Amino acid sequence: MKIYSDFPLKRTFQIVIDVLAVAAVAFGIWLGTFVTSSIAVLADLGRQLESAGAGFKGAMTDAGDVLGTVPFVGNAIRGPFDSASGTGKVLEHAGQTTQSVIMTAATIAGIVVAVVIVVAICWYWLRHRILFALKATEATKVARMNDGIDVLALRALVNCQQSGLTKIGPHPFEAWRSHDRAAIVRLAELELSRVGVRLAR
């Protein structure tokens, strides 16, 4: 598999793009974790609510236990404190639920941010890199065939722009059809250079 161009300038450009793409992917992942941690800070509100509810529940339970020992009227006095203890339990549960909701939202938001950035970069970057690798590898295999130079020359006549063909000569197709070996080699080189491959001598 041919990953990089044989031509120094294009190869350097590809390497720079690869480095930038990897850095952008790393940034996307970092940004996703940053979003998650930033939103997760809000979960502290839920922890405070849970702590307050647990403290209130404990205080009311302790007060009810103490007053419940009062002879004759202990049970009657304890009732309101037990009810208040239940309210504290509700607050504690609400705090736990708040934490869970915030942490879930933070995780989802972070994942969405990271995935969107990473997928967008990979879709554009990897798609072009894979396409280059496939074309360059296939062209290299064709060049190694017995009649590969002729096949590549014909491809140049079909695929290359007119400005490139005119550099071969005023009538490149006639040169190919008349088996002008020098022109055919130059056409093959033109086709290979189009996909980033240098003709092996």
Side-chain angles (χ1 to χ4, degrees), residues 1-41 103-201:
M1 180 67 74
K2 196 170 192 63
I3 299 176
Y4 291 106
S5 172
D6 289 335
F7 300 96
L9 185 61
K10 187 171 184 179
R11 181 169 60 246
T12 301
F13 178 76
Q14 289 174 325
I15 293 172
V16 170
I17 292 298
D18 288 351
V19 171
L20 291 176
V22 171
V25 168
F27 173 75
I29 295 173
W30 173 84
L31 185 60
T33 57
F34 176 76
V35 169
T36 296
S37 60
S38 297
I39 297 176
V41 171
M103 291 305 299
T104 300
T107 302
I108 292 174
I111 290 174
V112 168
V113 169
V115 167
V116 167
I117 293 175
V118 171
V119 168
I121 292 170
C122 289
W123 170 251
Y124 179 80
W125 166 58
L126 281 181
R127 189 162 54 93
H128 285 80
R129 297 296 286 117
I130 291 172
L131 187 61
F132 167 83
L134 291 175
K135 286 183 176 180
T137 301
E138 194 267 343
T140 302
K141 291 179 180 178
V142 172
R144 292 172 181 165
M145 295 168 53
N146 292 333
D147 55 352
I149 300 300
D150 297 278
V151 173
L152 291 170
L154 180 58
R155 286 186 180 182
L157 292 171
V158 175
N159 297 325
C160 293
Q161 296 181 353
Q162 185 67 27
S163 59
L165 293 174
T166 53
K167 295 178 181 178
I168 305 300
H171 304 290
F173 181 75
E174 290 297 330
W176 175 83
R177 191 165 60 177
S178 63
H179 304 289
D180 182 341
R181 200 61 193 167
I184 289 174
V185 170
R186 290 200 301 273
L187 283 168
E189 289 176 333
L190 183 63
E191 171 63 14
L192 287 173
S193 67
R194 190 179 66 83
V195 296
V197 177
R198 194 187 297 275
L199 181 62
R201 296 292 186 175

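Model, not experiment: these values are computed from the prediction.
Looking at every heavy atom in both residues, Ile121 comes nearest to Ala21 through CG2-O, 4.0 Å. Looking at every heavy atom in both residues, Gly32 comes nearest to Ala114 through CA-CB, 4.1 Å. The nearest pair of heavy atoms linking Leu152 to Glu191 is O-CB, 3.4 Å. Smallest separation of non-hydrogen atoms from Lys2 and Gly196: CE-O, 4.4 Å. Closest non-hydrogen pair, Ser5 versus Gln14, comes out as N-OE1, 2.8 Å. A pairwise comparison of heavy atoms in Gly110 and Val35 identifies N-CG1, 4.1 Å as the closest pair.
We find the CG-OG1 distance between Leu31 and Thr36 to be 9.5 Å, quoted to the nearest 0.5 Å. Ile39 contributes atom CD1, which lies 11.5 Å from atom OG1 of Thr104 (distance to the nearest 0.5 angstrom). Within the model, atoms CG of Leu126 and CG of Asp18 stand 8.5 Å from one another, a figure rounded to the nearest 0.5 Å. Taking CD of Glu189 as the start and CD1 of Ile149 as the end, the distance is 8.0 Å to the nearest 0.5 Å.
Evaluation of the salt bridge (charged side-chain N to carboxylate O under 4.0 Å, His left out) rule for Arg11 yields no partner, not counting sequence neighbours.
More than 12 heavy atoms of other residues, nucleotides or ligands sit less than 6.0 Å from atom CZ of Phe7.
Residue pairs that meet the ring pair (Phe, Tyr, Trp, His ring centres under 6.0 Å) test with at least one member in residues 127-153, sequence neighbours left out, are Tyr124-His128. Under the side-chain hydrogen bond (donor to acceptor under 3.5 Å, both in side chains) criterion, the residue pairs touching residues 138-149 are Glu138-Arg155, with sequence neighbours excluded.
Residue Val25 forms a side chain to side chain contact (heavy atoms under 4.5 Å, CB included) with just one option from Ile117, Leu20, Val118, and that option is Val118.
Between the side chain of Thr137 and the backbone N or O of Leu134, no donor-acceptor pair lies under 3.5 Å.
For the pair Arg129/Ile3, a side-chain contact is recorded, criterion being any heavy-atom separation below 4.5 Å from C-beta on.
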